[in-house]
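Here is the structure we will look at.
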Amino acid sequence: MRPGVGAPLRACAECPGPEYSGAPDCARCRGLVDAILEEEWAAFLAREGFAPEDGAEVAALVVEEPDRYDWRVVDAAMDRLVCPECGGPLSRGPAGCGPCDLANGFRYAAIEVDRPGVPPGNEHAVRVNVSVVRRPDGISVREVLARRLMLPLLLQGQLATTGQAQADKAKMNRMGIAEIEALFPRLLASPTDWVP
Ligand SMILES: [Zn+2]
Ligand SMILES: [Zn+2]
């Protein structure tokens, strides 16, 4: 179940950081991130009166008109379609795969609805970070790490101001990869003061 607004961070039993921060390498965190989409997909099918076995057919319709659906429904639909070029789930192939790159761009037309009580744009930030950890190919190691660190905080309903986000980014740009990796347990230990 996706964490609600203000829910405390919880340690992942399988990686050094909070739940959700270990994807894609931590299988448990990866499953939690996928569940954000799968929960909404199942609810969508039920609401619209489709049976789970209609999934592939419905997925093709959803991807035709991404601007009509919630982003989680669109991303879950793409997972159910096979890319004609790389043979993987559509939009998640290697950077440079034409149909995947195209689908990855189109996905941002989907609807993003902020939950009550969060700063405007929180849901967009959640969806961008989820997209990046589910398709990290072509994105720098540093950026993927930063997005992984932010994801549990965004799910709690936080959203850094532009100034704060830039300051954190500048700090991380001066840190080595090992130093950034050390922030994962630190985020759990002191969620309000984890960027040194
Ligand atoms: Zn984990
Ligand atoms: Zn592809």
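If you're wondering where the values come from, they're calculated on a predicted model, not measured in any experiment. In listed order, ligands and their atoms are each counted from 1.
- Rounding to 10 degrees gives 100° for the angle at the Zn ion (ligand 2) between SG of Cys97 and SG of Cys83.
- Rounded to 10°, the angle that SG of Cys86 and SG of Cys100 form at the Zn ion (ligand 2) is 110°.
- Under a 4.0 Å N-O distance rule, the pair Glu14/Arg28 does not qualify as a salt bridge.
- One N or O on the side chain of Arg135 and one on the backbone of Ser91 form a donor-acceptor pair closer than 3.5 Å.
- An angle of 110° is found at the Zn ion (ligand 1) between Cys29 atom SG and Cys15 atom SG, rounded to 10°.
- Cation-pi contact between Arg10 and Tyr20: absent, since separation from the ring centre below 6.0 Å together with deviation from the ring axis within 45° is not met.
- Panel note: side chain Arg92, backbone Arg134; a donor-acceptor pair is recorded below 3.5 Å.
- Annotation: angle subtended at the Zn ion (ligand 1) by Cys26 SG and Cys12 SG is 110°, to 10°.
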